[in-house]
Each structure stands twice: as structure tokens, then as C-alpha cells.
Amino acid sequence: AGRPGDDRVYVVLKHGQIVTIDGADSDTGDGADDNTDDGVVLDISNAVSSELFEEGMLGLAFHPEADVAYVTYVDLDGDLRLVEYDVDPTSGQFGAERPVFTVFHPAEMHYGGALQFGPDGMLYVAVGDGRNRENPHNLANELGKILRIDVRPGGPEPFVVPPDNPFVGVERADGRTWSLGLRNPWRFAIDPTSGDLWVTDVGESRFEEVNRARAAAGPVGGRSVSFGWPSFEGPEPFEPHMPPAINMEPVHYYAHDDGRCAVSGGALYRGAAIPDLSGQFVFGDFCSGEIWMTDGTDEPVAIAQIPAVTSISTGPGGELYATSLDGDVVRFDPAP
């Protein structure tokens, strides 16, 4: 992740650390970058459960105006925690932790955990379905959804529910809900230019999805949208008894063929270094390592190969960086 006014890249490590590297030093080829221990700015590894594959520290977002950061991680009870940290404006060191909220998780998988600030200043948080297919359309809980909150750094309460959230005032509904119908939204991205919401949702057994909700009725897309799970997986009905009426079809899906297994990423490119990527959503597959770009209308185009890719994110200057479970940090640069 990138921090406003900072040239360093902040890298989230699964076991519970955040480290910084110089963005100019990130590996731009096929090999690993070994600079992920340049500067440890947060170490809560003793509070993070990371032994299982889908556990660990999961997400990081810096407030666009205040010197605070928001982090998601799986705690020692197996629940998903969202916390706020003060950040030293000069050193980037993280200070005291303040809990924002905790999501009880019924299973040790499908956590989601990605988070990002929208152009409306609200914080959006993705939460997986907890391996229960009843949750994504159950408005009474947070599971299988994207949540939207108004954080209050330094205020008496860490957040409030925005009054214009779509389910505020609906009986028994969690007012934080923005979008629903998701299985494991490991990563999502909000286009800083258009406000379109892009969500990659990991499939069950056959298909991986790339979803796009256009910002037609507000600053950020996805308001009250269901992305379909478990009524659909990709293009096909999965559990038809679930309500499909407001399902939004994915703009792209692919099958579990040729070693592909789990969609990973991505990010909207609005940087300046690679004009051919402008306006493209860049994502990959964890198992095959393939990286693609798409504008949501044409078939995705393969552009790179990164083994065990876990995330594709925007860093300093709007440039893109990818991380791998192998420990690599890779910057996207123009082809020579």
C-alpha cells in the first residue's frame, strides 16, 4: 500500500508485520525482492493467528487526511479484527492500537479482509462468508459482504454508520452493509477516477469472478448490489433457491482449468509510467501465477507471470506492486 506524501511502499506480511521498502528498489523482473525487512513499522505477530492458509494479517489502508492507518487481521480466537493505528508522519512507525470492530467467524477460512478508502472518504471493508452459504444474503450479519463505515480518528467512537448506507433503517439489517452476495472477496479496488467498485471473488469449485459495479448513483459503485453468491458461481446457477433478483453478473469469469484455482488482486491503474495500462484492472490467479489486465469490456490480456501472487495494489505515484506468498515484491514497469 502507499501512504499519502510517502515514497515508501508498505508491505503487509502474513505473520503479522508491516514493513516498508523503497519503491524504487522493488524488483521489476522475474526474481524476488529481498528488501522486505528494510523497516518494520508494525509487529503484532504475537496477536495474529497465521498458521492456517487463509489466516494472518490481511489488509491495510491509510486515511487520506489523518495520520492513521487501518489494518485487518485474524486474531487468536479466529475472528476478523479491524483496528486503527496512529502513524508517525515522519518515520511511518505505527503507534497505539484502537479496536474498530470485530467480526465473529464461524470457520477458519473465507475471511476476506481487504479494505480501501473511497473518494467519498468512507472506509470500505470486505468480509468473507465464513464458509456458510446462508450468510451472503442474510442482512443481519456482516459475512459475505462489503461494509461501508465513516471512521472517526481521535473521536469518542472509532466509527459511525453513514446515514446514506442502503440498509440503514431496514429491520434486523446490519446498517454497515454496502454490497452483498460474496463468497471470499479476498481483494477489491475502487477506481479513484470513476468510483467504480471492482471485486474479485474466489469461487467454490468451477469458476473465478471479476465483478464491476459502476458508480452510477453515487461516488462509489456497489450500493445494495448482490454479486450473486451462492445463487450463482460465475455464469452458472449454484444454489438456485437463494434470491437471484438483484444479482449482478461478473464482467469476467474463468474456469479452474490449466492449473488455475483462485483469483487474486487487483487494482485499477491510474499511474503515469505505463500508458498502456491506464484505466485497466490488473488481477491474477494464485495457483497459475498468470496476471491479466481488462477494462471490463474486452477479454482480459495476459501481461505477466508471478508465482503464488497474493495481491496487486497501488503504491506511491499510483504505480502497481504485486506480492507473492514466496516473499517477492514486484513493481510493474514498462516493457523495455
Side-chain angles (χ1 to χ4, degrees), residues 53-54 58 107-114 126-138 143-146 179-189 196-214 221-222 225-268 280-312 322 324-325:
F53 179 70
E54 294 188 24
L58 301 173
E108 296 169 326
M109 59 195 317
H110 298 192
Y111 286 100
V127 182
D129 69 0
R131 207 182 181 186
N132 184 330
R133 297 170 190 164
E134 301 296 324
N135 286 324
H137 288 107
N138 179 1
L143 299 168
K145 302 174 181 72
I146 292 179
S179 305
L180 60 155
L182 292 162
R183 182 177 179 269
N184 190 12
W186 194 4
R187 293 291 180 257
F188 73 90
D196 291 354
L197 173 67
W198 294 75
V199 185
T200 54
D201 199 16
V202 178
E204 171 85 5
S205 56
R206 295 196 61 191
F207 295 104
E208 302 299 300
E209 292 187 9
V210 176
N211 298 278
R212 179 187 190 180
R214 294 182 180 272
V225 164
S226 170
F227 292 105
W229 176 257
S231 304
F232 292 87
E233 182 189 22
E236 297 184 354
F238 189 84
E239 287 196 359
H241 72 280
M242 300 300 293
I246 55 173
N247 172 52
M248 174 175 285
E249 296 182 2
V251 295
H252 175 64
Y253 59 87
Y254 63 89
H256 291 179
D257 298 330
D258 301 320
R260 300 163 182 162
C261 74
V263 65
S264 183
L268 252 294
Q280 297 284 327
F281 181 70
V282 181
F283 67 100
D285 185 87
F286 174 78
C287 289
S288 72
E290 296 164 282
I291 308 295
W292 299 275
M293 68 177 187
T294 181
D295 64 1
T297 58
D298 297 327
E299 274 296 303
V301 176
I303 59 172
Q305 188 85 18
I306 302 173
V309 59
T310 56
S311 184
I312 300 170
S324 164
L325 198 62

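Side chains included, hydrogens not; waters and symmetry mates left out as well; all remaining heavy atoms used.
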Handout entry: Closest heavy-atom pair and its distance - Gly130, Ala107
Key = O-CB, 3.4 Å

Completion exercise
Residues at least two apart in sequence or cross-chain that pass side chain to side chain contact (heavy atoms under 4.5 Å, CB included) with Arg187, listed by chain then number, are Ala114, Thr200, Ser311

Exercise for the section: Name all residues meeting the ring pair (Phe, Tyr, Trp, His ring centres under 6.0 Å) criterion together with Phe188; count only those two or more places apart in sequence or in a different chain, and write none if there are none. Expected result: none

Handout entry: Side-chain heavy atoms of Val251 within contact of Thr294, under 4.5 Å
Key = no

Handout entry: From OG (Ser231) to CZ (Arg133), nearest 0.5 Å
Key = 11.5 Å

Fill in the blank from the handout: Nearest heavy-atom contact between Asp129 and Pro136 is CB-CG, 3.8 Å

Fill in the blank from the handout: Taking every heavy atom of Ile312 against every heavy atom of Ala322, the minimum-distance pair comes out as CG1-CB, 4.1 Å

Problem - Non-hydrogen side-chain atoms of Val309 and Ser324 separated by less than 4.5 Å - result: no

Problem - Close side-chain approach of Leu197 and Val225, heavy atoms under 4.5 Å - result: no

Exercise for the section: Side-chain contact test, heavy atoms from C-beta onward, threshold under 4.5 Å: evaluate it for Ile303 versus Gln280 and give yes or no. Expected result: no

Completion exercise
Per salt bridge (Lys or Arg N to Asp or Glu O under 4.0 Å), Arg183 is matched among Glu233, Glu209, Glu204 by Glu204

Handout entry: Value rounded to 0.5 Å, distance of CZ in Phe207 from CG in Asp257
Key = 8.5 Å

Problem - Side-chain (Ser264) to main-chain (Gly284) donor-acceptor, under 3.5 angstrom - result: no

Problem - Verdict with supporting geometry, Trp229 and Asp201, side chain to side chain donor-acceptor pair (under 3.5 Å) - result: CA-CA 9 Å; Trp229 176 257; Asp201 199 16; over 6 Å; no

Practice task
Locate the shortest heavy-atom distance separating Ala126 from Pro185; write the atom from each residue and the value.
Solution key: CB-O, 3.5 Å

Exercise for the section: Determine, using ring centers only, whether Phe232 and Tyr253 are less than 6.0 Å apart. Expected result: no

Problem - Check: Val199 and Ser179 side chains under 4.5 Å, non-hydrogen atoms - result: no

Exercise for the section: Taking side chain to side chain contact (heavy atoms under 4.5 Å, CB included) as the test, write out the residues that go with Tyr254, two or more places apart. Expected result: Glu208, His252, Arg260, Val263, Phe283, Asp285, Trp292

Completion exercise
For Gly259 and Cys287 the tightest heavy-atom approach is O-CB, 3.1 Å

Exercise for the section: Kindly determine whether Val127 and Lys145 satisfy side-chain contact (heavy atoms from CB on, under 4.5 Å), including the steps that lead there. Expected result: CA-CA 5 Å; Val127 182; Lys145 302 174 181 72; 5.6 Å; no

Fill in the blank from the handout: Heavy-atom closest pair (Gly266 atom, Ala189 atom, distance to 0.1 Å) is O-CB, 3.5 Å

Practice task
Return the set of residues passing ring pair (Phe, Tyr, Trp, His ring centres under 6.0 Å) with Trp198 (not counting sequence neighbours), or none when no residue passes.
Solution key: Phe281

Exercise for the section: Could I get the full list of side-chain hydrogen bond (donor to acceptor under 3.5 Å, both in side chains) partners for Thr297, not counting sequence neighbours? Expected result: Asp295

Practice task
Measure from the side-chain N and O atoms of His137 to the backbone N and O of Leu180, and report whether any donor-acceptor pair falls under 3.5 Å.
Solution key: no

Handout entry: All side chain to side chain contact (heavy atoms under 4.5 Å, CB included) counterparts of Asn135, not counting sequence neighbours
Key = Asn132, Asn141, Leu143

